[in-house]
Amino acid sequence: MRSDVIKVGLERAPARSLLYATGLSKEDLSKPFIGLASSYTDLIPGHVHMRRLEAAIEKGVHAGGGVSFLFGVPGICDGIAMGHPGMRYSLVSREVIADAIECVAGAHCLDGLVLLTNCDKITPGMLMALARLDIPGIVVTAGPMLCGHYKGKRLSLVSDTFEAVGRRRKGEITQEEMEHLEMEACPGPGSCQGLYTANTMACLTEAMGMSLPGCAASLAVSADKDRIAYKSGQVAAELARQGITARTIMTRQAFENALVVDMALGGSTNTCLHIPAIAREAGIDIPLELFNEIGKRIPHIVSLVPGGEYFLEDLYFAGGIPAVMKRLEGDLHNCMTVSGKKVFEIIKEAEVSDPAVIKTKEEALAKEGGITILYGNLAPEGAVVKRSAVAREALCFTGRARVFNKEEQAMKAIMKKEITPGSVVVIRYEGPRGGPGMREMLSPTAALVGMGLETSVALITDGRFSGGTRGPCVGHVCPEALAGGPIGLVEDGDEIYIDIPNHRLELHVSEEVLKGRRAKWKPLKPQVNGCLARYAHLVSSASKGAVLESNHYPVV
């Protein structure tokens, strides 16, 4: 076993003594050492129930013949960090989490890992670490939250708090109603109820075979989640015993399966950062264009909020990700999963319990998948839009630019009702380097929706969006403004053309005029220190997953 490095031999007597000090017995030293990396914190509703799941996982590890070792990693709630400088730290934390797990597992020569996670950057950070280490491991996503309820209506975080800000500003709801929504939208533990980034990444983790069947959609408050946690502990010990490492499961075909499911669900645009970043750690190149290639042939078949009508609890009762994959059987590779079953075995056992939630390909909501990559003179290296969350009449949009160099400036103008129909709000210097940290723009996009401008105003940014964003909102515009991208040359009044069906993002300004602007251009450099400064110095373009350039891996 890998842990023999710290357990076996005369020279390891000091290490054994320290292990005995933790309560281990001599018999325990012959068992696989399984690390349980938990992102438990009191700060995040998606994580507050993890103590319960930690206990279930530890029982499972012991039942499986292993020894469990619990350690923690940081967690950030994007919803709490949204709309202020704290959001700079969210994407940065993905790299911190990957490094933290690498440090603990590497230093202690652990035989395997169980990764207990839930929210936006934590799941990809953990998967990056596991792919980098290439040791046995399994992921337990802690499950979605139940919907809130108010006056007979089901509630979710984004539509009933973020978008409600715009409705309150417009005068559509009273302050009393706003306070009720604040109290009722999030009724308890779990990741936010729609297909936002946390739940998208949970679904894709299961689709690529790194968590047990049914894990992604099983509810945070359910006994089913406890059973999955317990079984995952058992599986981790068995994976370690058999030497089945992460890259055995995380193959190129497994990543393609994840993208197929992503397109069918209409997942968060953040997957365009996270899937390439995780794959890179596994030595696999997932270019941005692959999202378009798969999206062109995979229809959107699940109508989940924010762009649709159903919630994750509906997906759970409809059969979860195994049922979604059953609809897509002909488009998937028959890969091995951590469960020991191949994809087609899981599909054979799956059942679509509610065809209204998980439609057939013939009944698809749209012929193409939920994410589209745009190119053009405004985004030579690409930009990303959640097509499934854009109304049909806004798929093609022409408007005049309103330019802002930071999110706060744009939000101030929106709340003062200075943004009029026909505008394209441009928020720049919010990219991976320019932010730094590539902040999510849910506050301005949700405010626009709440004010009734979701089809008459567009927004483009070199930053990114929450999975909860809807409307003609284009993010990840590359190259970013700080790197000299064309978005840094846009001026108020310029005409911008967005053509989602034809994958185009164009600035209708002549090359001669742009050349003159470039000659006068001076970048706005962020004034930061500490981890933000290091991140800004090392981070790559969003088109490459916003990975740190110092991490060089051969790709296949």
Side-chain angles (χ1 to χ4, degrees), residues 197 266-273 288-289 291-292 295 306-307 366 368-405 407 410 414 419 422-432 434-435 438-449 453-481 483 485-490 494-509 541-543 546:
T197 304
S268 166
T269 52
N270 281 312
T271 61
C272 297
L273 293 174
L288 200 55
E289 184 55 32
F291 285 80
N292 271 350
E368 293 191 17
I371 294 176
T372 297
I373 311 301
L374 310 182
Y375 295 94
N377 71 338
L378 193 47
E381 294 178 6
V384 181
V385 63
K386 188 170 183 175
R387 179 187 185 127
S388 60
V390 181
R392 185 169 299 178
E393 62 268 31
L395 289 172
C396 292
F397 190 100
T398 302
R400 296 288 176 179
R402 284 294 309 276
V403 181
F404 303 94
N405 287 332
E407 177 189 359
I414 292 168
I419 304 301
S423 299
V424 178
V425 176
V426 179
I427 306 177
R428 62 193 181 192
Y429 293 101
E430 292 286 9
M438 205 179 182
R439 290 195 290 174
E440 290 182 345
M441 303 291 152
L442 179 58
S443 292
T445 62
L448 289 170
V449 171
L453 299 172
E454 66 267 33
T455 60
S456 59
V457 171
L459 188 150
I460 70 169
T461 180
D462 53 7
R464 59 195 177 89
F465 299 121
S466 158
T469 288
R470 58 190 177 109
C473 300
V474 181
H476 306 205
V477 174
C478 296
E480 63 176 292
I487 191 173
L489 306 179
V490 181
D494 288 349
E495 186 176 87
I496 293 174
Y497 176 55
I498 302 169
D499 184 351
I500 296 173
N502 291 304
H503 305 169
R504 303 303 299 170
L505 179 61
E506 301 286 351
L507 176 63
H508 289 167
V509 175
S541 166
S543 64

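Atoms considered below: every heavy atom in the structure, side chains included; atoms not considered: hydrogens, waters and symmetry mates.
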R428 side chain to A481 backbone, donor-acceptor under 3.5 Å: no
From CA spacing to verdict: side chain to side chain contact (heavy atoms under 4.5 Å, CB included), V426, I496: CA-CA 10 Å; V426 179; I496 293 174; 3.8 Å; yes
Atom pair CD1/CG of I500 and L505 - distance to nearest 0.5 Å: 9.5 Å
Under 3.5 Å: donor-acceptor pair, side chain of T269, backbone of K386: no
Minimal non-hydrogen separation, P501 against L395, with atom names: CD-O, 3.5 Å
Contact summary for S268 and S466, nearest pair of heavy atoms: OG-C, 4.5 Å
Test log, rule side chain to side chain contact (heavy atoms under 4.5 Å, CB included), inputs M438 and L273: CA-CA 11 Å; M438 205 179 182; L273 293 174; 3.9 Å; yes
Where A447 and I414 come nearest, the two heavy atoms and their spacing: CB-CG2, 3.9 Å
Flag side-chain contact, heavy atom, 4.5 Å: V385 against I371: no
Derivation of the side chain to side chain contact (heavy atoms under 4.5 Å, CB included) call for N270 and R464: CA-CA 7 Å; N270 281 312; R464 59 195 177 89; 3.1 Å; yes
Heavy-atom closest pair, residues I487 and P479: CG2-O, 4.1 Å
Test side chain to side chain contact (heavy atoms under 4.5 Å, CB included) applied to M441 and I427, V425, T469, the passing residue: I427
For the student: nearest non-hydrogen atoms of G376 and E506, plus distance: CA-OE2, 3.5 Å
Under 3.5 Å donor-acceptor, R504 side chain and D499 backbone: no
Interatomic spacing from SG in C478 to OH in Y375 - rounded to 0.5 Å: 9.5 Å
Pairwise side-chain contact, V384 with F465, heavy-atom cut-off 4.5 Å (strictly under): no
Donor-acceptor contact present, side-chain D462 to main-chain E430, <3.5 Å: yes
Straight-line distance of L374 CG to Y497 OH, nearest 0.5 Å: 11.0 Å
Minimum heavy-atom distance P432-E480, with the two atoms named: CD-OE2, 3.2 Å
Reported NE2-to-CZ distance for the pair H503 and R387, which is rounded to 0.5 angstrom: 6.0 Å
Derivation and outcome, side chain to side chain contact (heavy atoms under 4.5 Å, CB included), residues V457 and L459: CA-CA 7 Å; V457 171; L459 188 150; 5.9 Å; no
S543 backbone acceptor or donor facing S541 side chain under 3.5 Å: yes
Contact check, side chains of I460 and I498, non-hydrogen atoms, under 4.5 Å: yes
